[in-house]
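First comes the structure, then the notes that go with it.
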Amino acid sequence: MCGCWGWHRSSERRSQGKVSLGLSRGAGMLSIQWIREAPDEVRAMLERRGTTAPVDAVLERDAERRTILTEVEHLKADRNQAGKAIGKAKDQAERESLIGTQREVAGRIDALDERLRAVEAELHALVSQFPNRLHADTPTGSGEADNQVVRSIGLPRAFDFEPKPHWEIGESLRILEIERATAMAGSRMFALRGQGARLQRALINHLLEQNEEAGYESWYLPNLVREEAMFASGQLPKFRDNLYRDAEEDYFLVPTAEVPLTSLHRDEILDGAVLPLRYTAHTPCFRREKMSAGRDVRGIKRVHQFEKVEIYQFTTPEGSASALEEMIAHAEGLLAGLGLTYRVLQLCSADIGFSAALSFDLEVWAPGAAEWLEVSSISNCLDFQARRANIRYRPEEGKSTSFVHTLNGSSFGMTRVFAAILETYQRQDGGVDIPDVLQHRMGRLMQIEAPTAAGTSA
RNA sequence: GGAGGGGUGGCCGAGUGGUUGAAGGCGGCAGUCUUGAAAACUGUUAGGCGCGCAAGUGUCUCGGGGGUUCGAAUCCCUCCCCCUCCGCCA
C-alpha cells in the first residue's frame with residue numbers, strides 16, 4: 001500500500017486527478033508541520049538555496065484543510081453513532097425518521113469531502129515543490145563557485161608532451177566511437193569498442209566488487225520505473241523535463257540507480273536492528289540534459305546514456321552523519337586505488353540538489369581537457385526521501401516508528417572515470433596504460449596500443 | 001495477446017450491507033504458575049490524519065482510487081498486483 005496521498009498514477013491519471021482523503025504518513029516531502037510551525041525558517045532555507053516555493057499558499061491550504069477536516073469529522077462521528085442506532089432500531093417508523101435525518105447529513109459530508117479532496121490535492125502539489133531542508137553544516141553560497149574544496153589528493157600528472165583530451169585519445173585508439181553512435185541515436189551519444197568496451201566493463205565489475213567488499217550488498221534493479229518511484233527520490237514533480245519517458249506504458253527511464261534504490265523499501269517499516277542497510281547497484285542512466293543544452297558537448301562528459309555504479313544507505317537518523325563520512329571515505333579509496341588525482345568539494349546551499357541536505361562532490365582531474373570532472377556526488381537526504389517513499393523503521397519492539405534517513409553516492413559515473421583514465425594514463429606514443437587494479441579484468445592487458453595501419457579499415 | 005481465478009491485520013484464515021478495525025488460530029510481548037525453562041492459563045499485540053499541555057478523543061484504512069447507500073471488507077466501476085490455461089518469445 002502506498003501512503004503518498006494523491007501521487008498514485010491511479011489517482012493522478014486514471015481517476016482524473018482526484019486524490020484520497022487524508023494526508024497520510026510522510027505526506028510526501030518536507031514535513032508540513034515544519035512549514036506550519038516555522039515558516040520563517042523555511043523561507044530562510046529557500047533563500048539560501050536561491051530558490052522559491054509557495055510558503056504562504058501552503059499555510060493557507062493547510063489551515064483550510066484542518067478547518068474542513070474538523071467539521072467533516074464531527075459530522076462523520078454523528079453519522080457513525082446514528083448508523084449504529086439505525087441498525088438496532090426495531091420500530092419501522094423510528095428507522096425511517098433516523099434515516100431521513102442521516103440523508104441530509106450524508107449530503108453535507110459529501111460536499112465537505114469533495115472540498116477536502118480538492119484542498120488536499122492543491123496542498124500536495126504545493127508542498128511537492130519544496131526542496132529538502134539544509135543540513136546545519138551546509139555552507140551558504142550563491143552558486144557553483146561557492147562550493148568549497150575540502151581537500152585535494154594527488155598532484156596532477158606532469159607530462160613531457162602535450163596531453164590530449166579523451167575524445168581524441170579514444171577515437172585514435174578506436175575504442176570510442178562518437179560519430180557512429182550519433183549517426184544512429186543523435187548527439188550526446190557514444191559507443192565503446194573493443195578494449196574500450198572491455199575497460200568500462202572492467203571498471204564496473206571492479207567497483208561493484210570493491211563496494212561489496214566494503215559491505216554494500218549488490219542489486220540488479222528495474223531501469224524502467226513508474227511515476228511514484230520518481231516522486232519518491234525527488235526527480236518528480238520538478239525535474240520532469242530531464243527524464244525520458246515511455247509514453248505508451250507510462251514508464252520512466254531511470255536517470256540514476258538512486259531512483260530504484262530509494263523505492264526498494266517503499267511503504268515498509270524496517271526493523272531498527274537491520275539498519276544501516278548498505279546497497280550497491282550498477283544501472284544505465286538516462287538523462288535528457290535539456291537544461292544544459294550547449295554545455296559540455298565535446299567528448300563523453302555529458303551524455304544522454306551512461307553507466308553508473310551507485311552506493312546507497314538506509315540509516316537511523318542518528319546514523320546518517322557517520323554514514324556520509326563512511327561513504328565519502330570509501331569512494332575516495334576507490335579513486336585512489338585507480339590512481340586518479342581527485343578533490344573533495346563541499347556543495348554550498350545554492351548548488352546542492354533538491355533532495356539533499358548535505359552533499360560532497362568528488363572530482364577527478366582530467367589532464368587532457370585540463371578540468372575537474374565530477375564523478376560522484378554523495379549526499380545525506382535525511383528523511384526527505386523516506387517521507388516521500390514512506391520508509392520507516394521501528395527502533396525497538398513496541399516503540400513507535402520514525403522515518404529512516406537515506407544517503408546516496410556514485411561510485412562512479414563511468415564516462416567521466418573512463419575519460420579521466422584515458423587522459424591520465426595516456427602515453428606519448430598514443431597508447432594508454434591500464435590501471436593496475438583493472439589489468440586482471442582485461443586478460444592481464446597492461447596497455448591499450450594504438451592500432452597499426454593494417455587491418456583497421458573498419 | 002486470449003480465457004479464467006484471486007488479493008482480509010506480522011503470518012494463516014473466517015466473514016456477501018448494520019456495535020467488523022475486523023472471529024478463530026499461529027507468532028510476538030507482558031503476567032500467573034515454576035528453583036528456572038517448557039506446558040497450561042490470563043491479558044495484550046496495526047498505521048495514518050485531526051483536536052488536546054496531557055490524559056485522551058474523533059476520523060480514516062480489509063491491494064489503490066472512485067461510486068451506490070442513512071450505513072460497505074461485503075454491491076458497482078476502474079487501476080495495480082499475484083496465480084492457472086492457451087498463444088508468442090530472449
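No hydrogens, no waters, no symmetry mates; every other heavy atom, side chains included, goes into these values. Order of the sequence lines fixes the chain letters, A, B, ..., with proteins taken first and strands second; residue numbering starts at 1 for each chain.
Between A:Asp241 and A:Lys290 there is no salt bridge, since no side-chain nitrogen of the basic residue lies less than 4.0 Å from a carboxylate oxygen of the acidic one.
B:rC60 and B:rA22 have their P atoms separated by 13 Å, given to the nearest Å. Using P as the reference atom, B:rG4 and B:rC77 are 14 Å apart when rounded to the nearest Å. For the P atom pair drawn from B:rC51 and B:rC33, the interatomic distance equals 46 Å after rounding to whole Å. B:rC79 sits 26 Å from B:rC86 when the P atoms are compared, rounded to a whole Å. B:rG58 and B:rG10 have their P atoms separated by 24 Å, given to the nearest Å. Rounded to the nearest Å, the gap between the P atom of B:rC11 and that of B:rA46 is 14 Å. Here, B:rC62 and B:rC75 have their C1' atoms 16 Å apart, quoted to the whole Å. B:rC12 and B:rU61 are spaced 23 Å apart, taking the P atom of each and rounding to whole Å.
Every residue meeting the side-chain contact (heavy atoms from CB on, under 4.5 Å) condition with A:Glu94, not counting sequence neighbours, appears here in chain and number order: A:Ala89, A:Asp91, A:Leu98.
Distance A:Ile109 CD1 to B:rG58 P: 16 Å, rounded to the nearest Å. The separation between A:His74 atom NE2 and B:rU59 atom C1' is 10 Å, rounded to whole Å. Here B:rG71 presents its C1' atom at 7 Å from CD1 of A:Ile86, a figure rounded to the nearest Å. In this structure, the CD atom of A:Glu96 is 14 Å from the C1' atom of B:rG71, given to the nearest Å. Straight-line distance from the CG atom of A:Asp62 to the C1' atom of B:rG50: 11 Å, rounded to whole Å. What separates CG of A:Leu116 from P of B:rG50 is a distance of 11 Å, to the nearest Å. Atom CD in A:Glu120 sits about 14 Å away from atom C1' in B:rU61, given to the nearest Å. Rounded to an integer number of Å, the gap from A:Glu64 CD to B:rC49 P is 20 Å.
Nearest to the side-chain atoms of A:Lys84 among the listed nucleotides B:rG58, B:rG18, B:rU19 stands B:rU19. Of the listed nucleotides (B:rC80, B:rG50, B:rG71), B:rG50 has the atom at the smallest distance from the side chain of A:Thr70. Of the candidates B:rC60, B:rG58, B:rC49, the closest approach to any side-chain atom of A:Arg79 belongs to B:rC60. The listed nucleotides are B:rC80, B:rC51, B:rG47; the one nearest the side chain of A:Arg66 is B:rC51.
The nearest heavy atom of RNA chain B to A:Ile269 and to A:Asp78 marks one nucleotide each, and the one closer to the 5' end goes with A:Ile269. Annotation: of the two residues near RNA chain B, A:Gln81 and A:Gly87, the 5′-most nearest-nucleotide partner is A:Gly87.
Nucleotide B:rA54: unpaired (no Watson-Crick or G-U wobble partner with both distances less than 3.5 Å). Remark: B:rG17 base-pairs with no nucleotide; criterion is Watson-Crick or G-U wobble with both hydrogen-bond distances under 3.5 Å. In a base pair of the Watson-Crick type (N1 to N3 plus N6-O4 or O6-N4) or a G-U wobble (N1-O2 and O6-N3), with each distance short of 3.5 Å, B:rG47 is matched with B:rC60. Partner assigned to B:rU84 is B:rA3, using Watson-Crick or G-U wobble distances below 3.5 angstrom. For B:rG9, there is no paired base (Watson-Crick or G-U wobble, both distances below 3.5 Å). Of all nucleotides present, none satisfies the Watson-Crick or G-U wobble test against B:rC89 with each distance under 3.5 Å. Nucleotide B:rA40: paired with B:rU32 (Watson-Crick or G-U wobble, both distances less than 3.5 Å). Nucleotide B:rU74 is matched to nothing when pairs are restricted to Watson-Crick or G-U wobble geometry with both distances under 3.5 angstrom.
One finds no side-chain N or O of A:Asn80 lying less than 4.0 angstrom from the OP1 or OP2 phosphate oxygen of B:rG58. Side-chain N/O atoms of A:Arg65 include none lying less than 4.0 angstrom from OP1 or OP2 on B:rC49. Contact between the side-chain N/O atoms of A:Arg117 and the OP1/OP2 oxygens of B:rG65 is not found at any separation under 4.0 Å. Applying the 4.0 Å criterion to OP1 and OP2 of B:rG47, one finds that A:Arg392 has every side-chain N and O outside that range.
A:Arg95 comes within 4.0 angstrom of a nucleotide base, judged by non-hydrogen atoms across all strands. Within 4.0 Å of A:Thr401, counting heavy atoms only, lie sugar-phosphate atoms of the nucleic acid but no base atom. Within 4.0 Å (heavy atoms only), A:Arg36 reaches sugar-phosphate atoms of the nucleic acid but no base atom. At a threshold of 4.0 angstrom between heavy atoms, the contacts of A:Glu73 include nucleobase atoms, whether or not backbone atoms are also involved. As judged by a 4.0 angstrom heavy-atom cut-off over every strand, A:Ala106 is placed among residues touching the sugar-phosphate backbone only.
For A:Ser359 and A:Ser379, the side-chain atoms include at least one donor-acceptor pair closer than 3.5 Å. At a cut-off of 3.5 Å, with distance as the only test, a side-chain donor of A:Asn211 or A:Ser411 sits close to an acceptor on the other residue.
Between A:Gln313 and A:Ala323, the shortest heavy-atom distance links the atoms OE1-CB, 3.5 Å.
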What's the verdict on side chain to side chain contact (heavy atoms under 4.5 Å, CB included) for A:Leu126 and A:Arg61, showing C-alpha distance, side-chain angles and the deciding distance?
-> CA-CA 9 Å; A:Leu126 291 169; A:Arg61 297 288 96 154; 3.7 Å; yes
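Residues A:Thr280 and A:Glu310 have side chains not in contact (no heavy-atom distance under 4.5 Å, counting atoms from C-beta outward).
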Give the table of side-chain donor-acceptor pairs shorter than 3.5 Å for residues 49-59 of chain A, with sequence neighbours excluded, one pair per line with atom names and distance.
unit_1	atom_1	unit_2	atom_2	d
A:Arg49	NE	A:Asn132	O	3.0
A:Arg49	NH1	A:Gly353	O	3.0
A:Arg49	NH2	A:Asn132	O	3.0
A:Arg49	NH2	A:Gly353	O	3.4
A:Arg49	NH2	A:Ala356	O	2.6
A:Asp56	OD1	A:Arg43	NH2	2.7

